[in-house]
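Notes to accompany the following structure.
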Amino acid sequence: MLKSSNINSVLNELPNESARDPSAQSSPNGKPKQDAETCCSSQDNEVMGSLAALQLSAGVLQIAEPPLNHVRSQLRELIGRQNKTYIDLSKEKYKLDCSEVARLNDMMSDVRRYKEKLTKIKKEMQSVYQRTKELKKRAANVAACKQRDYQRKLERLQHEESLIGSQ
């Protein structure tokens, strides 16, 4: 295709190259050919312009396509690596989430176990409190009974002494 990006080289490669240079050839009647702009109709100019545009675009595409293909392949490779990294990170996150869930479940079972222990200890403390309360009441009754017995015994001794002393 094109070897240069210079517009003059593209225009020079047009099929009718001699039309651009009036001194290059002469017409069959011996007169030199006129310039392409003066001898061709506007329709011929459009065809030549579109041909030049096609050749220019083909040349630009030829120049730009290999680096673009290289960049495209690099992007594909980069996206592939990025997807692999994303998948790896997702797996690690899932592992962490699973380990955290397992640790959370262990903590919740510990909480249940400690709550049961606490409830058991509370019941035992309530039971001990009730027994202590009853024992204090019994101790107070026993002390009151002993006090009455001691008081009666004292009164009886005093009564016996008074009887012995009065005789």
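These numbers were taken from a predicted model, which means no experiment stands behind them.
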List the atom pairs, with distances to 0.1 Å, where a side-chain N or O of residues 84-100 and a protein N or O form a donor-acceptor pair under 3.5 Å, not counting sequence neighbours.
from, atom 1, to, atom 2, distance (Å)
K84, NZ, D88, OD2, 3.3
T85, OG1, R81, O, 2.9
S90, OG, Y86, O, 2.9
K93, NZ, D97, OD2, 3.2
S99, OG, K95, O, 3.4
S99, OG, L96, O, 2.9

Between atom CD1 of I79 and atom CD of E77, what is the distance when rounded to the nearest 0.5 Å? 11.0 Å
Between atom CG of L56 and atom CG of L61, what is the distance when rounded to the nearest 0.5 Å? 12.0 Å
Rest of the hydrophobic cluster containing V142 (Ile/Leu/Val/Met/Phe/Trp/Tyr, side-chain heavy atoms under 4.5 Å)? none
Hydrophobic clusters join Ile, Leu, Val, Met, Phe, Trp and Tyr when side-chain heavy atoms are under 4.5 Å apart, directly or via other members; which others share one with L118? none
Could you tabulate the donor-acceptor pairs under 3.5 Å formed by side-chain atoms of residues 125-137, not counting sequence neighbours?
from, atom 1, to, atom 2, distance (Å)
T132, OG1, V128, O, 2.7

Please list all pairs passing the side chain to side chain donor-acceptor pair (under 3.5 Å) test where one or both residues lie in residues 140-159, with sequence neighbours left out. none
Side chain to side chain donor-acceptor pair (under 3.5 Å): pairs with one or both residues in residues 102-117, sequence neighbours excluded: D110-R113
